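Only a predicted model underlies this, so the values are computations on that prediction, with no experimental measurement involved.
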Amino acid sequence: RMAHSDRIWCDDFGRRRYLCMTRASGLDQCTNRVLDYSSICCFVGTNKGNVATFKILPASNGTYEAAFAGSSAVEDRVISVIPIDAESGGLALATPSSVGGLRSGTKTNGVVIAVTASGCRIFKPPTSKGAHKTWDDCLCDSAAVVKTEARGYSLVGLFGDGHARAFSIPALRDIGCTKINHIADMRRLSESCITPTGNIMAWVGPSEIGMFNVWGSGSGLYVSSYIR
């Protein structure tokens, strides 16, 4: 149960929609048989280090309702909640196609990556068991799952020591590190955005935004002729 002082963090929930297909079970009241069905889940992180799970269920009046299913405690303020497919490593979002697949019994074996300022945990909600990693001597300001062509998926984070780091999924082993403090404005690193393809959009000045790829060659930024 979350404390009343917890501030719910959604990371622009209306745009990113952290909804995931998960498996659930219920009881048929007529036959007392346990039924296996799928539901859509919403995951919400708080500044007190909790990840709450809500099941999105159809209501009797044709609408939908959110039912609290439990919460998992993590170590620190949550900065990113990323649902992924445990089989492929890709994002397990509730897209129209995946929601439509519920009618035919299609299910996604989903897990959640909860990234905090001081560490990361991969688990299947609402429990908190799973792989865990603590950042060594720096704090993470932004994180996302990135796909690399022919190499699969990895977790990429931007850290306060001026580096971007990549970690394998699900083992969370270090697989890469590159310096970004010569490009990005470190005072506004928490406002940076990491795209699923590995592009980083970050402030590079008081009124300038730069975009570069975490797997790039290390060359300097190209200044557009349209910027004055």
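- Here F167 contributes atom CZ and D174 contributes atom CG; the two are 4.5 Å apart, rounded to the nearest 0.5 Å.
- What you find for N109 and K124 is that their closest heavy atoms are OD1-NZ, 2.8 Å.
- For the atom pair CD1 (I113) and CD1 (I169), the distance works out to 4.0 Å, reported to the nearest 0.5 Å.
- Follow the hydrophobic side-chain contacts under 4.5 Å out from L139 and you never reach V74; the two are in separate clusters.
- For Y153, the ring pair (Phe, Tyr, Trp, His ring centres under 6.0 Å) test picks out no residue, with sequence neighbours left out.
- Evaluation of the ring pair (Phe, Tyr, Trp, His ring centres under 6.0 Å) rule for W203 yields no partner, not counting sequence neighbours.
- From I84, atom CD1 reaches atom CG of L93 across 11.5 Å, with rounding to the nearest 0.5 Å.
- Residues I82 and A144 approach most closely at CD1-CA, 3.8 Å, considering heavy atoms.
- With sequence neighbours excluded, no residue satisfies side chain to side chain donor-acceptor pair (under 3.5 Å) with D85.
- Contact check for N213 versus N199: side-chain heavy atoms found under the 4.5 Å cut-off.
- Scanning all heavy atoms of the two residues, the minimum distance from V145 to G89 falls at CG1-O, 4.1 Å.
- Taking every heavy atom of both residues into account, A117 and I79 meet most closely at N-CG2, 4.3 Å.
- Rounded to the nearest 0.5 Å, atoms OG1 (T178) and CZ (R165) are 10.5 Å apart.
- Taking hydrophobic clusters as Ile, Leu, Val, Met, Phe, Trp and Tyr residues chained together by side-chain heavy-atom distances below 4.5 Å, I183 shares a cluster with I194.
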Residue pair E191, I209: steps toward the side-chain contact (heavy atoms from CB on, under 4.5 Å) verdict
CA-CA 11 Å; E191 302 175 25; I209 293 178; over 6 Å; no

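- Between P196 and K147 there is no side-chain heavy-atom pair separated by less than 4.5 Å.
- Interatomic distance, L189 CG to N181 CG, rounded to the nearest 0.5 Å: 9.5 Å.
- C140 has its side chain out of reach of T116: every pair of non-hydrogen atoms, C-beta onward, lies at least 4.5 Å apart.
- Panel note: side chain S80, backbone S142; no donor-acceptor pair is recorded below 3.5 Å.
- Taking all atoms of both residues into account, the shortest heavy-atom contact from L158 to S192 is CD1-CB, 3.6 Å.
- Grouping the Ile, Leu, Val, Met, Phe, Trp and Tyr side chains by contacts below 4.5 angstrom, directly or via other members, places I175 apart from V214.
- By the 4.5 Å heavy-atom criterion applied to side chains, D137 and D161 are not counted as neighbours.
- A chain of hydrophobic side-chain contacts below 4.5 Å, direct or via other Ile, Leu, Val, Met, Phe, Trp or Tyr residues, connects M186 to I200.
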Kindly determine whether I40 and Y64 satisfy side-chain contact (heavy atoms from CB on, under 4.5 Å), including the steps that lead there.
CA-CA 11 Å; I40 305 172; Y64 290 84; 5.9 Å; no

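- Residues H132 and T134 form a side-chain contact, since some pair of their non-hydrogen atoms from C-beta on lies under 4.5 Å apart.
- The shortest distance between side-chain heavy atoms of V112 and T53 does not fall below 4.5 Å.
- With rounding to the nearest 0.5 Å, the separation of CG in D136 from OG in S118 is 11.5 Å.
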Would T63 and E65 count as a side-chain contact (heavy atoms from CB on, under 4.5 Å) if you check the C-alpha gap in whole Å, the side-chain angles of each, and the deciding distance to 0.1 Å?
CA-CA 7 Å; T63 61; E65 61 183 12; over 6 Å; no

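- Side-chain N or O atoms of W135 include none that pairs as donor or acceptor with a backbone N or O of C120 at under 3.5 Å.
- Nearest heavy atoms, A86 versus V111: CB-CG1, 4.1 Å.
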